[in-house]
2 protein chains.
Amino acid sequence: MNLSTPLTRPSLHEELVTRLRQAIVEGSLEPGAKVPERELCENLGVSRTPLREALKVLANEGLVILQSNRGARISKVTMEELEHAFPVIAVLEGLAGELACDLASDTEIAQIVARHNDMFRHYEAGDRPAYFQANHDIHAALMAAARNDVLAQHYAMLSSRVERARLLANVSDSRWAEAVEEHRGIVKAIEARDGALLSALLRTHLNNKLAALKKALS
Amino acid sequence: MNLSTPLTRPSLHEELVTRLRQAIVEGSLEPGAKVPERELCENLGVSRTPLREALKVLANEGLVILQSNRGARISKVTMEELEHAFPVIAVLEGLAGELACDLASDTEIAQIVARHNDMFRHYEAGDRPAYFQANHDIHAALMAAARNDVLAQHYAMLSSRVERARLLANVSDSRWAEAVEEHRGIVKAIEARDGALLSALLRTHLNNKLAALKKALS
DNA sequence: ATTTTGAATTATGAATACAATTTGAAAAGA
DNA sequence: TCTTTTCAAATTGTATTCATAATTCAAAAT
């Protein structure tokens with residue numbers, strides 16, 4: 001049991017930020033919808049003050065839009081936002097890949113490889129949800145291996161803004177196959193700890209992902 | 001007179017975020033210092049509610065640390081943070097360079113070149129403040145030319161966290177000369193619209209900047 | 001029938017009130 | 001003299017209140 005960290009229960013606004021962010025990302029709070037301030041307060045058993053504090057934070061992250069004297073709305077995922085966010089995510093993942101190749105332990109590498117094998121199995125089984133989960137885990141593991149808090153923080157922020165697009169558009173089977181192929185290259189580069197190659201592969205992987213999304217959404 | 005834009009006066013918390021951020025970045029609010037909530041409220045003529053909303057936002061940006069039941073402190077710029085932030089800034093600037101080479105108008109390119117010439121003059125004159133200002137303007141102009149809001153937003157956020165380090169350490173004359181040399185390469189790549197080269201030069205420029213900071217701070 | 005108006009209602013932004021926690025100095029004890 | 005304890009004052013987190021702006025909707029006007 002950890003006795004060194006001074007136990008602090010998180011403030012209401014922090015909990016609210018976390019829960020609201022999650023609700024927005026998973027789509028429980030629909031893009032474009034007004035944030036029902038009073039209702040949320042009642043459901044969550046808090047007053048307006050911490051809720052509004054949380055909304056300001058989420059607005060700063062781009063998940064919520066504040067309209068003066070008209071309350072808050074869940075921001076919509078626009079094509080423009082995706083086109084802007086993806087290249088940024090791409091270079092961040094690229095950096096994570098480079099760092100991970102330098103810094104990851106052999107165990108971490110092995111885990112990322114193992115998750116890849118999981119993912120490939122889910123693809124063979126045609127299990128999209130499980131595939132997505134494994135894919136998500138891989139990117140998270142890579143980010144963790146890069147040992148860079150600032151990088152992870154900004155990556156998380158951008159991911160939350162973009163992940164909602166997945167709910168809007170199912171990618172085609174052919175793109176899915178392509179993505180799996182790309183991941184076979186990625187996992188090889190990781191095993192070889194070839195940072196430059198990995199970085200390049202991750203960037204093109206994400207650029208292709210954006211292209212597929214664009215096609216699926218248009 | 002513009003009659004098309006719906007007039008909106010900014011909310012108090014937004015103004016506070018802007019002003020406090022500026023105060024933190026320029027050092028008026030010292031790293032590590034407690035945020036004097038009551039005093040700030042009196043000076044700025046606002047109640048605690050909007051001030052506290054602003055503090056939550058700044059905490060989310062990493063400029064302020066919230067300690068439960070103990071109020072807020074201005075965050076310190078740690079070596080670890082610099083080591084984490086600089087590589088991220090580097091890839092973001094790299095991306096900005098690539099995008100700018102593709103997207104910038106000839107006028108924008110010319111302006112960036114012109115600002116470089118300003119900067120070189122300030123270097124010859126040994127005018128550090130003017131040099132820094134020109135340098136800052138160059139990076140801002142490059143970012144604007146990249147036409148990517150998400151990129152600009154994250155770049156701004158990271159810059160604000162890191163810019164304070166400049167107040168802590170004056171870089172050496174030899175590093176200054178080196179930086180100017182690097183900028184000569186950078187401006188050439190911009191003029192040639194060579195995105196890949198520019199990206200690489202910007203990344204190494206920033207990595208060298210970090211190394212110089214590390215030396216100056218240790 | 002459709003649009004316009006304006007009073008009533010509701011929602012929002014900001015200030016204030018209140019309860020819980022921390023702080024710091026004086027008092028008590030070693 | 002140096003700790004430790006105690007307790008009032010100050011600070012903080014959250015709830016509530018209040019003034020103002022936006023919305024609604026029924027009545028009036030076109």
Side-chain angles (χ1 to χ4, degrees), chain A residues 3-21 23-24 29-76, chain B residues 2-24 29-76:
Chain A
L3 294 176
S4 61
T5 331
L7 57 87
T8 73
R9 66 205 100 96
S11 60
L12 287 185
H13 100 270
E14 274 181 276
E15 295 226 59
L16 288 172
V17 167
T18 307
R19 290 186 57 172
L20 291 177
R21 191 192 289 120
I24 294 171
L29 291 171
E30 249 179 75
K34 274 202 56 172
V35 177
E37 212 173 89
R38 200 178 46 78
E39 189 184 321
L40 277 176
C41 285
E42 284 173 12
N43 290 343
L44 298 166
V46 299
S47 77
R48 287 175 61 217
T49 307
L51 176 64
R52 302 183 99 253
E53 288 170 347
L55 288 175
K56 312 294 184 219
V57 171
L58 293 170
N60 195 53
E61 289 186 10
L63 294 177
V64 155
I65 307 278
L66 301 178
Q67 302 164 298
S68 48
N69 291 319
R70 295 186 182 195
R73 290 185 172 280
I74 308 301
S75 70
K76 287 181 186 167
Chain B
N2 182 355
L3 294 176
S4 61
T5 332
L7 56 88
T8 72
R9 67 209 104 101
S11 59
L12 288 185
H13 98 270
E14 274 181 276
E15 296 227 58
L16 288 172
V17 167
T18 308
R19 291 186 56 173
L20 291 178
R21 191 192 289 120
Q22 197 182 339
I24 294 171
L29 290 172
E30 249 179 74
K34 275 203 54 174
V35 177
E37 212 173 88
R38 199 178 46 78
E39 189 185 319
L40 277 176
C41 285
E42 283 172 13
N43 290 343
L44 298 166
V46 297
S47 76
R48 287 174 62 216
T49 306
L51 176 64
R52 303 185 98 252
E53 288 170 348
L55 288 175
K56 311 293 183 223
V57 171
L58 293 170
N60 195 53
E61 289 186 9
L63 293 177
V64 155
I65 306 277
L66 300 178
Q67 303 163 299
S68 48
N69 292 317
R70 295 186 182 197
R73 289 184 172 281
I74 309 300
S75 70
K76 287 182 186 166

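The sequence lines fix the lettering, A, B, ..., with proteins before strands; numbering per chain opens at 1.
In this structure, CG of B/Asn69 is placed 9 Å from P of C/dT23, rounded to the nearest angstrom. As rounded to whole Å, 5 Å separates atom P of D/dT12 from atom CD of B/Glu37. Between the CZ atom of A/Arg38 and the P atom of C/dT9 there is a distance of 16 Å, given to the nearest Å. Residue A/Arg73 contributes atom CZ, which lies 13 Å from atom C1' of D/dT23 at whole-angstrom precision.
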Restricting both atoms to N or O, compile the protein contacts to nucleotides 14-18 of chain D shorter than 3.5 Å, with distance only.
{"unit_1": "D/dT14", "atom_1": "OP1", "unit_2": "A/Leu12", "atom_2": "N", "d": "3.0"}
{"unit_1": "D/dA15", "atom_1": "OP2", "unit_2": "A/Ser47", "atom_2": "N", "d": "2.8"}
{"unit_1": "D/dA15", "atom_1": "OP2", "unit_2": "A/Ser47", "atom_2": "OG", "d": "2.6"}
{"unit_1": "D/dA15", "atom_1": "O5'", "unit_2": "A/Ser47", "atom_2": "OG", "d": "3.4"}
{"unit_1": "D/dA15", "atom_1": "N7", "unit_2": "A/Thr49", "atom_2": "OG1", "d": "2.8"}
{"unit_1": "D/dT16", "atom_1": "O4", "unit_2": "A/Thr49", "atom_2": "OG1", "d": "3.3"}

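Judged by distance alone, with hydrogens and angles left aside, the side-chain atoms of A/Ser75 form no donor-acceptor pair with the main-chain N or O of A/Ile65 at under 3.5 Å.
Taking the salt bridge (charged side-chain N to carboxylate O under 4.0 Å, His left out) definition, one finds that A/Arg19 meets it with nothing, sequence neighbours left out.
Considering all non-hydrogen atoms of both residues, B/Ala72 and B/Leu55 come closest at CB-CD1, 4.2 Å.
No more than 12 heavy-atom neighbours from other residues, nucleotides or ligands sit within 6.0 angstrom of CD on B/Glu30.
Between B/Lys34 and D/dT12 there is a side-chain polar atom (N or O) within less than 4.0 angstrom of OP1 or OP2.
Checking each of B/Arg73, B/Arg48, B/Arg70 against B/Glu37 for a salt bridge (charged side-chain N to carboxylate O under 4.0 Å, His left out) leaves exactly one that passes, namely B/Arg48. Paired with B/Asn60 under the rule side chain to side chain donor-acceptor pair (under 3.5 Å), one option of A/Lys56, A/Glu14, A/Glu61 passes, and it is A/Glu61.
Within 4.0 Å (heavy atoms only), B/Gln67 reaches sugar-phosphate atoms of the nucleic acid but no base atom.
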